[in-house]
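Remember, predicted model here, so these are calculated numbers, not experimental data. Letters A, B, ... mirror the listed sequences (proteins, then strands); counts begin at 1. Both backbone and side-chain heavy atoms feed into the values below; hydrogens, waters and symmetry mates do not.
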There are 2 protein chains.
Amino acid sequence: MPRGRPPSHTREQVVDAAIRIADAEGLAALTMRRIAQDIGAGAMSLYTYVPDKDRLLDLMVDRVGGELVLPAATGDWRTDLIAVAGAQRKLMLAHPWLPAAIPNRRLTGRNMLAYLEKGLAALAPTGLDGPTKMEIVALMTGFVASFVTAETTPATPQEDQVALIGEAVASGEFPELAAVLAEGGQGREPGFDRIADWTLTGLVTQALAF
Amino acid sequence: MPRGRPPSHTREQVVDAAIRIADAEGLAALTMRRIAQDIGAGAMSLYTYVPDKDRLLDLMVDRVGGELVLPAATGDWRTDLIAVAGAQRKLMLAHPWLPAAIPNRRLTGRNMLAYLEKGLAALAPTGLDGPTKMEIVALMTGFVASFVTAETTPATPQEDQVALIGEAVASGEFPELAAVLAEGGQGREPGFDRIADWTLTGLVTQALAF
DNA sequence: CGCATTTATCGTACGTCGTACCGGAAATAC
DNA sequence: GTATTTCCGGTACGACGTACGATAAATGCG
């Protein structure tokens, strides 16, 4: 039997509440007091379950990492790799704070290791060496994070930005930019699946050709 | 002649001091009070030159963007694009806070527009449509930022991480990861130039093939 | 010159944050 | 009972961004 006063909550409850808040209101709204309030505890009680806010973020990242669902590997690296990227994007769209929270957190838990494992497994048929496979998985993660960040940031065409671009184009110093803007949206943006295919296929193909 | 009390400093001085601090001590050490102290002013005086800290970050990003130096374009998109990526990496290595500061700041000033222009110019010979070129430049920026972040983060092999990986590998649930680790460093990490070449060449090649 | 006007300076202060500290509460072991 | 262990959470500290407003320093006008 455990000695001492029994805990009123669990680490999981704390992490879940934090994820719920971050999902709904963003990372900026995620404060220790807010989490405590959500689970009906005093602010300082959280420190029974989590050493500090930074570790809590680690735990959040690893926890949502467990939500990654992937179809069974087909053995075709192209298909499998794109599937991993797509699953990751889906995860990041469900948890928009994720791209901002990931950067420095290398391998924070088993779920992140599992993700890495999936990426490596998808690349296994290519026969690439270990460091290259690691690099490609890391690159893929970064790429997906960048894409989703751009995707979820509402494109903010602020007045001052419009003015800036307008006069820049008018100045004639940015001919390529002017051409692209003049062209309008006729080319249509490529979209995630196409971009992911280009990026990953291109990257692996080049690595193999080397 | 301007009326009123003349300013004791300039916006440039404020931005420069901020960059100096961020370069030397990181973004976390960049506080308004610290900047003010550095230039010998009261904290609140800064607000004469800058509306708030967030705009100051915009100004910092755009300012260092002016340091980008590129060799003359050769007309070969592969060479030119890699040159742009390399210059951007150099910039980020000189200002390690840059990758963290860029994310949401779309086109904060003329220097960032100039960077975009360079990227588009490098891609001009490919004949790709506007949106695709824009996407590729954005992807390139994100990729370089990811790479430099990984590069400048001191790889932190913390005890707990080592333990985590150790037991994970021992559990047998991560065969691919185990294989890569067992393989040792024989494959040698590819390095930026190689990676950039693979990524960009692969990406453009795939886009062209479409 | 004096005086109104304009602009910059910056001390004080407020609200918020992460979290150190520590007395009190709640459980078990003896 | 009492000692021991563990968790709870109020209070408080230092740091942050920055609103406010009194004060200072310049010009333009009489």
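Comparing B/Lys53 and B/Arg5 by the nucleotide of DNA chain D whose heavy atom lies nearest to each, the residue mapping closer to the 5' end is B/Lys53. A residue-by-residue look at A/Gly4 and B/Pro7 shows that B/Pro7 has its nearest nucleotide of DNA chain C further toward the 5' end.
Residue contacts shown for B/Thr31 are limited to sugar-phosphate atoms, with no base heavy atom under 4.0 Å away. Using a 4.0 Å heavy-atom distance criterion, B/Gly42 is classed as a sugar-phosphate-only contact. Nucleic acid contact class of A/Ala41 (heavy atoms, under 4.0 Å, all strands): sugar-phosphate only. In this structure, B/Met1 reaches the sugar-phosphate backbone alone: every heavy-atom distance under 4.0 Å involves primed, P, OP1 or OP2 atoms, never a base. Contact annotation for B/Leu30: backbone-only contact, meaning every heavy-atom pair under 4.0 Å involves sugar-phosphate atoms and none involves a base. Across all strands shown, A/Ile35 has no heavy atoms under 4.0 Å from either base or sugar-phosphate atoms.
In this structure, CG of B/Asp52 is placed 8 Å from P of D/dA19, rounded to the nearest angstrom. Summarising the geometry, the separation between CD on B/Gln37 and C1' on D/dC16 is reported as 15 Å, rounded to the nearest angstrom. For the pair A/Met32 CE and C/dA20 P, the computed distance is 10 Å after rounding to whole Å. Straight-line distance from the CG atom of B/Leu46 to the C1' atom of C/dG11: 14 Å, rounded to whole Å.
In this model, the phosphate group of C/dC10 is not approached by any side-chain N or O of B/Tyr49 to a distance below 4.0 Å at OP1 or OP2. Distances shorter than 4.0 Å separate none of the side-chain N or O atoms of B/Tyr47 from OP1 or OP2 on C/dG11. Residue A/Thr48 has a polar side-chain atom (N or O) positioned under 4.0 Å from OP1 or OP2 of D/dC8. For C/dA8, the OP1/OP2 oxygens have no side-chain nitrogen or oxygen of B/Ser8 closer than 4.0 Å.
When each of D/dT18, C/dG18, C/dA20 is scored by its nearest atom to the side-chain atoms of A/Met44, the top-ranked nucleotide is C/dA20. Of the candidates D/dT18, D/dC8, D/dG28, the closest approach to any side-chain atom of B/Arg3 belongs to D/dG28. If you check D/dT18, C/dA25, D/dA26 against the side chain of B/Pro6, the one that comes closest is D/dA26. Of the candidates C/dT9, D/dG17, C/dC17, the closest approach to any side-chain atom of A/Arg33 belongs to C/dC17.
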Exercise for review: Please test B/Arg63 against B/Asp16 for salt bridge (charged side-chain N to carboxylate O under 4.0 Å, His left out), starting from the C-alpha separation and ending with a verdict.
Suggested key: CA-CA 8 Å; B/Arg63 183 131 171 75; B/Asp16 282 349; 2.6 Å; yes
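A salt bridge links A/Glu151 with A/Arg89: the distance from a Lys NZ or Arg NE/NH1/NH2 to an Asp or Glu carboxylate oxygen falls below 4.0 Å. The pair B/Lys90-B/Glu67 fails the salt-bridge criterion, with no side-chain N (NZ, NE, NH1 or NH2) lying under 4.0 Å from an Asp/Glu carboxylate O.
Taking the six-membered ring for Trp and the full ring otherwise, B/Phe143 and A/Phe143 have centroids separated by 6.0 Å or more.
Within 6.0 Å of CZ in B/Arg34 there are more than 12 heavy atoms belonging to other residues, nucleotides or ligands.
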